[in-house]
Protein chains: 2
Amino acid sequence: MSDLAAALDVVGARWALLIVERLLDGPQRYGDLQRDLGVPTNILATRLRELEAAGVLSRLPLRHNTRAYALTDRGLALREAIVALGRWGAKKAEV
Amino acid sequence: MSDLAAALDVVGARWALLIVERLLDGPQRYGDLQRDLGVPTNILATRLRELEAAGVLSRLPLRHNTRAYALTDRGLALREAIVALGRWGAKKAEV
DNA sequence: GTCAACACTTGCAAAATGCAAGTGATCTGT
DNA sequence: ACAGATCACTTGCATTTTGCAAGTGTTGAC
């Protein structure tokens, strides 16, 4: 399995990289991610569980029954790749 | 829609980035991609059609009834992002 | 004590993915 | 020229993933 395939195994699922991108701006709560990204709630819950299990993010308990999701070092290390992909996506498809 | 979302719209589908990565080494034929990547043949056909429509790759006819798939400039521009993701995937998940 | 907010879960439909077998157009050897 | 092999796919169907909508339990505020 190539390095790329290994990476896609972790962050290749739909919404995964978008969630990580959003967390590059700092920890976010569940409801914020949902509203900002427009991701279906069951998918969001699933992805957060998977990404936490993969060591990409962690839950931080806030006061009351709320919590925030924050990137781990491993998650933050995705910044380069996300920026590169974003730059590519920003280019026009100059025909 | 963010730049990242735009990029994922084009290369976010399963196998898409792996196909592009393989083509970074130069044009490849259908059967080579299939054998090297282990991608199901119907998926490969679908992805190649989508990536061609998106201007990421093009078909070059070879002699007889064979052809090869080659990245366009737009496709080659994915190299940075692919390398970055590959580097991330190569790292151990140092607990 | 009622009502709202937050962080989910559940049930089900729709879409994407995967497997296996089949198709038609060359091409190779005899 | 004919048989069999190769290449580049397509087709049919099962499985998995994704998405929508509604519901649940736990605080918290008034």
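In what follows, chains are A, B, ... by sequence order, proteins preceding strands, each numbered from 1.
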- Would you say A:Asp25 has more than 12 foreign heavy atoms packed within less than 6.0 Å of its CG? yes

- A:Glu50, CD atom: more than 12 neighbouring heavy atoms under 6.0 Å: yes

- Item | Side chains of B:Tyr30 and B:Thr66, donor plus acceptor under 3.5 Å | no

- Contact nearer the 5' end of DNA chain C, comparing B:Thr41 with A:Ala68: A:Ala68

From [options], nucleotide with atom closest to [X] side chain:
{"X": "A:Ala45", "options": "C:dC19, C:dT9, C:dC6", "value": "C:dT9"}
{"X": "B:Arg49", "options": "C:dA7, D:dT10, D:dG19", "value": "D:dT10"}
{"X": "B:Ile43", "options": "D:dC9, C:dT17, C:dC19", "value": "C:dT17"}

- Phosphate oxygens OP1/OP2 of D:dT10: is one of them under 4.0 Å from a side-chain N or O of B:Tyr30? no

- Task: Return no unless some side-chain N or O of B:Tyr69 is found under 4.0 Å from OP1 or OP2 of D:dC7.
- Result: no

- Task: Would you kindly compare A:Gly38 and A:Asn65 by the position of their nearest DNA chain D nucleotide and give the one closer to the 5′ end?
- Result: A:Gly38

- Query: Is A:Val83 reachable from B:Leu17 through a run of hydrophobic residues whose side-chain heavy atoms are each under 4.5 Å from the next?
  - Reply: no

- With the 4.5 Å side-chain cut-off for hydrophobic clustering, are B:Leu24 and B:Leu48 part of the same group? yes

How long is the line joining [atom1] of [X] and [atom2] of [N], in whole Å?
{"X": "B:Leu48", "N": "D:dC7", "atom1": "CG", "atom2": "C1'", "value": "14 Å"}
{"X": "B:Leu37", "N": "D:dA8", "atom1": "CG", "atom2": "C1'", "value": "16 Å"}
{"X": "A:Arg67", "N": "C:dC6", "atom1": "CZ", "atom2": "C1'", "value": "8 Å"}
{"X": "A:Leu62", "N": "C:dA5", "atom1": "CG", "atom2": "P", "value": "18 Å"}
{"X": "A:Glu50", "N": "D:dT16", "atom1": "CD", "atom2": "P", "value": "15 Å"}
{"X": "B:Arg29", "N": "D:dC9", "atom1": "CZ", "atom2": "P", "value": "12 Å"}
{"X": "B:Trp15", "N": "D:dT17", "atom1": "CH2", "atom2": "P", "value": "14 Å"}
{"X": "B:Gln34", "N": "D:dC7", "atom1": "CD", "atom2": "C1'", "value": "10 Å"}

- Expected output: side-chain B:Arg59 to main-chain B:Glu52 donor-acceptor under 3.5 Å: no

Pairwise N/O distances under 3.5 Å, protein to nucleotides 12-16 of chain C:
none

- Message: What's A:Arg63 touching, base or sugar-phosphate or nothing? Going by heavy atoms closer than 4.0 Å.
- Response: nothing

- Message: Please classify the nucleic acid contact of A:Thr66 as base, sugar-phosphate, or nothing, using heavy-atom distances under 4.0 Å.
- Response: sugar-phosphate

- Quick one: closest heavy-atom pair of B:Tyr69 and B:Leu23, and the distance? O-CD2, 3.3 Å

